[in-house]
Every structure is written in C-alpha cells, then in structure tokens.
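The model shown is predicted, which means the values in this text are computed figures rather than measured ones. Read the numbers this way: they start at 1 and go in the same order the structure lists the ligands and their atoms.
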Amino acid sequence: MAAADPAPSQPVHGTVPPTAGLPLRAGDLLPGNVRLDAALAHFLGVESTQIACSGTAAFVAALTALSRLSPERDTVIVPAYTCPLMALAVAHCGLRLALCDLRAGSPDLDPAHLQSLCDTRTLAVVPTHLAGRVADVASALRIARAAGAWVVEDAAQALGARVGGRSVGLQGDIGFFSLAVGKGLTIFEGGVLLARDPELREACAAALREQARPASWRRRLAGHAWDLRRSVELLGYWALYRPGPLGWAYLRPLRHALEQGDWVAAAGDDFGAYIPLHGVGRWRRGVGARALARLPDFLERTRARALRRIARLARIPGVRVLGDSPAAEGAAGTWPVLLVTMPTAHSRDALLREGWGAGDGLGLPFAHALADYAAYRHAVPRAAPGELPHARDLASRLLSISNSPWLDDARFHAVCEAVEACADRRGTAARSHA
Ligand SMILES: *Cc1c(COP(=O)(O)O)cnc(C)c1O
C-alpha cells in the first residue's frame with residue numbers, strides 16, 4: 001500500500017496517469033480460482049453480479065435483454081455528453097439513439113428535456129455517474145417510468161460510489177461498471193452488470209452467455225483470442241503502470257496526438273466501430289478479484305485526497321469543481337479525477353494547450369458533446385447549432401485533473417497555479433481583443 005500511495009510530502013517523479021487507477025501487484029497475477037463475480041457482489045453488497053468483457057459489452061447485454069422484454073420499443077436516451085462507446089453500442093444493437101441535454105453546469109440529464117424526449121418508443125434512459133460523480137437517477141426513473149421505459153445506470157467510472165449507503169447502479173433497472181484501464185479496478189477490459197429483478201437478471205445473463213459462448217466455433221475461437229490478447233495487455237499494465245514506464249506507454253502517444261492537434265485521440269475517444277463481445281477467462285477474473293481486496297482502502301485514500309484538493313481548487317475565481325448531484329440524497333461518489341469547469345472555453349483550451357502534454361494529470365473526460373464528433377456521425381443524431389446548449393457548454397469548459405496518488409502535493413499546487421493563470425487570463429484576453 002505504501003508503494004501505491006506515498007505520503008503527500010514524498011515527491012514522485014515521472015508521469016501522472018490521467019485517472020487514479022489501482023496499481024496491480026505481482027501477487028495479483030498468480031493463477032488460482034478466485035470468483036470475481038462473487039467478490040464484487042460482496043464488495044457492492046448485492047446478491048450477485050455478472051461479468052462482461054467490457055462496460056460497453058455489459059451495456060450491449062442490457063439493451064439486448066431489454067429489447068427482448070419490450071420488443072415494441074427501439075429508442076435509447078443517453079446524456080449528450082458521454083462516452084462515444086455508448087452511441088456505438090446502441091447502433092450495434094440496431095436501436096435508435098436520442099441525445100438528452102444536461103442540467104446547466106452538471107452531468108445530470110435535464111428533466112424537462114428528458115420529459116420531452118420520452119414516449120412509447122423509448123426503451124431505456126441512461127443516467128450516467130460521470131467520473132465517479134453520483135447522478136440524479138430518481139428524476140430519470142420517474143420520467144422514464146411514466147413513459148413505460150427502463151432505466152440503465154451507466155456507472156462505468158463509478159465502481160465503489162454509493163448513494164444512501166447502497167452502491168450506485170441499483171436504483172434503476174440495470175446498472176453497469178467498467179473494469180477498463182483507468183476506471184479504478186481493472187482487468188484491462190471488463191464490465192460488471194447488476195440487475196435487481198430476477199427476470200431481468202436472467203435476461204441479462206442469457207445475453208452475456210451468448211457473448212461468451214456464441215454458437216459458431218469461429219466466433220468462440222475469436223473470443224478466446226480476444227481474452228488472450230487482454231491477458232497480455234493486463235500483464236503490460238502491471239509492468240508499465242508506474243511513474244517511469246508510463247512516460248513511454250501513455251505520455252509519448254498522448255504527445256504525438258497533441259502534436260497532430262487530435263484532441264479526440266488525446267482524450268482516448270478514438271474508438272473503432274467494432275465492439276468485441278466475448279468471455280472473460282479465469283486468470284483475468286482471479287487478478288481482478290485479488291486486486292479488489294485493496295480497492296476499499298485505495299478508494300478511501302483517494303477520497304481524502306480529493307476532498308483536500310477540492311478545497312484548494314475552490315479558491316480559484318471562476319473555477320468550479322463538480323460534486324455529486326445535489327438531487328442524489330446521501331451520495332458518496334468516487335474520485336478517479338477532479339472534474340473542473342473553467343470560466344470559458346477559451347481559458348479551458350489555453351490550459352490544455354499549455355499543460356496537457358506535461359504528464360501532470362490534466363486531461364479531458366471526452367473531447368466533445370456526442371453530436372460534435374466527426375467520426376461518429378453514423379451513430380449519432382444530428383444536432384443543430386444552439387441545440388443541446390448545456391451539454392455543449394460543459395464539453396467546452398470541462399477538464400479533469402487526475403487524482404492519482406502519484407500527483408504529489410507540489411505538482412498539484414503547480415497545476416492549480418496553471419489553472420488560476422488561465423482562468424484569470426480570460427479577462428485579459430477579452431480586453432485585448434476589444
Ligand atoms: C468508459 C466508459 C464506458 C465504456 O466502458 P468500457 O469498459 O470502456 O467499454 C461507458 N460509459 C462511460 C461514462 C465511460 O466512461
């Protein structure tokens with residue numbers, strides 16, 4: 001533990017990862033039969049969980065199950081600022097996507113807009129616990145229910161987040177988490193699915209079984225190849241998720257993307273249209289289950305660090321740190337990053353241009369609002385200029401500051417000074433243009 005989380009005064013040299021991922025230890029890699037689904041169920045305080053090969057695959061399974069239960073419905077409503085993989089998953093399932101605007105300055109779905117989108121075609125509404133921030137699921141649930149639609153909680157980045165003493169993902173019909181790199185606990189790529197209702201749980205389990213054991217032997221073979229590849233990648237994560245090697249594994253490609261001016265690639269948003277669907281082998285499950293034993297302690301330290309640092313950031317004029325939704329009573333989110341809004345798009349872009357490539361933990365959750373990626377036009381409905389104003393405003397002013405333990409206090413303070421300088425400069429920039 002001491003190796004993973006040095007005392008704040010202890011300087012760490014090298015690259016800070018963009019989020020606080022739980023580092024693996026050599027002991028996690030031993031073979032042995034540990035049940036990840038049961039270990040996660042214990043951690044989350046639920047009866048059972050289901051394992052998928054990614055968060056996206058868990059979402060695909062959820063949509064598959066819901067489509068079978070409500071075949072007359074075909075539209076999925078997601079926040080207009082979310083992971084583009086959600087749009088690709090909806091397209092993969094042959095369903096229609098609808099984009100819901102956000103509440104001003106918040107990742108929550110805007111209830112009035114959601115209300116106007118929900119109708120008899122709505123299959124599911126997807127409130128999203130963005131970057132560990134607990135979302136307002138209750139409003140989404142009330143509006144979806146009135147239209148006869150289901151609610152799927154996207155908790156991809158929120159494993160360990162709680163609301164009213166229970167895990168997120170349990171207020172809606174289905175919840176899912178991601179076990180991808182950078183989302184906290186990782187098996188390189190993986191997903192976890194929760195469903196409270198037994199009938200729904202069985203429908204999801206059936207969809208996941210079809211992913212893991214497809215009828216054709218070719219696809220089964222391809223699935224084993226994917227799991228093998230992920231196993232090698234997981235070993236790479238163990239070897240390289242350290243401040244030194246991360247310069248090579250993360251910072252070098254990031255700087256390359258920035259030199260090309262490609263913020264979509266820099267944010268890690270450059271996804272292929274193909275969604276691998278396969279099983280997760282025993283070895284990776286065991287690695288995840290053993291690392292999970294350290295997660296509660298890691299999350300606790302991460303939370304304490306976040307609360308200290310929010311207090312520092314909150315003193316900067318014009319800068320806001322996003323908290324859990326005020327509408328989510330008893331929320332206690334997780335803190336892989338601090339989500340910060342700058343006063344203007346101009347000041348946000350200036351800060352990223354100066355600081356993103358430094359390896360000090362600055363980053364972008366997602367490069368654009370969903371409607372504004374050139375690469376995903378085939379999967380996303382058009383939005384005219386002026387539509388989805390709050391999602392686009394958030395996308396233009398938001399950035400993330402890593403909450404990795406490797407961002408020591410001295411470097412965090414240097415980041416704060418850069419934030420402050422850019423936040424302040426907007427006034428100067430506006431004046432000099434005048
Ligand atoms: C990462 C992410 C996903 C997708 O999860 P994967 O495990 O990467 O497939 C979905 N939603 C959000 C908000 C995410 O951050």
Side-chain angles (χ1 to χ4, degrees), residues 18-21 36 40 49-63 76-93 97 99-100 102 107-109 124-135 137 140 152-161 168-169 172 174-194 208 211 226 230 233-234 237 267-278 280 284 288 322 333-337 339 363-370 373 376 379-380 391 394-395 398 400:
T19 62
L36 178 59
L40 279 164
T49 67
Q50 301 174 15
I51 305 300
C53 67
S54 66
T56 308
F59 186 53
V60 166
L63 295 181
V76 180
I77 303 175
V78 304
Y81 182 73
T82 189
C83 179
L85 285 169
M86 298 297 90
L88 298 179
V90 170
H92 171 93
C93 294
L97 186 72
L99 303 179
C100 183
L102 308 179
D108 273 339
L109 296 168
V125 176
V126 187
T128 299
H129 304 288
L130 184 74
R133 306 282 41 82
V134 176
V137 179
V152 179
E153 286 179 57
D154 178 348
Q157 304 176 346
L159 182 66
V168 295
I174 298 176
F176 72 90
F177 303 96
S178 167
L179 302 180
V181 169
K183 313 259 184 169
L185 178 70
T186 188
I187 55 173
F188 203 83
E189 288 278 9
V192 185
L193 190 147
L194 304 176
L208 284 172
Q211 292 182 8
W226 272 108
R230 297 302 188 218
E233 288 170 328
L234 186 57
Y237 174 84
D269 284 352
D270 48 341
F271 304 108
Y274 177 71
I275 299 173
L277 298 174
H278 54 88
V280 176
R284 283 200 296 140
L322 298 193
T334 54
W335 298 91
V337 294
L339 289 178
L364 263 188
F366 308 113
H368 301 295
L370 273 184
Y373 288 89
Y376 306 124
V380 177
L394 191 72
L398 191 66
S400 56

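Remark: side-chain polar atoms of Gln211 are not paired, donor with acceptor, to backbone N or O of Leu277 under 3.5 angstrom.
Going from atom CD of Glu233 over to atom CZ of Arg284 covers 8.5 Å, rounded to the nearest 0.5 Å. Summarising the geometry, atom CG belonging to Leu36 is positioned 12.5 Å from atom CD belonging to Gln50; distances are rounded to the nearest 0.5 Å. Atom CG in Leu179 sits 12.5 Å away from atom CZ in Arg230 (nearest 0.5 Å).
Ring-centre distance between Phe176 and Phe59: below the 6.0 Å cut-off.
Val60 has its side chain within reach of Cys93: a pair of non-hydrogen atoms, C-beta onward, lies under 4.5 Å apart.
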Measure from every N or O atom of ligand 1 to the protein's N or O atoms and keep only the pairs below 3.5 Å, writing each with atom names and distance to 0.1 Å.
from, atom 1, to, atom 2, distance (Å)
ligand 1, 7 (O), Gly55, N, 2.7
ligand 1, 7 (O), Ser178, OG, 2.6
ligand 1, 9 (O), Gly55, N, 3.3
ligand 1, 9 (O), Thr56, N, 2.9
ligand 1, 9 (O), Thr56, OG1, 2.5
ligand 1, 11 (N), Asp154, OD1, 3.3
ligand 1, 11 (N), Asp154, OD2, 2.7
ligand 1, 15 (O), Gln157, NE2, 2.6
ligand 1, 15 (O), Lys183, NZ, 2.7

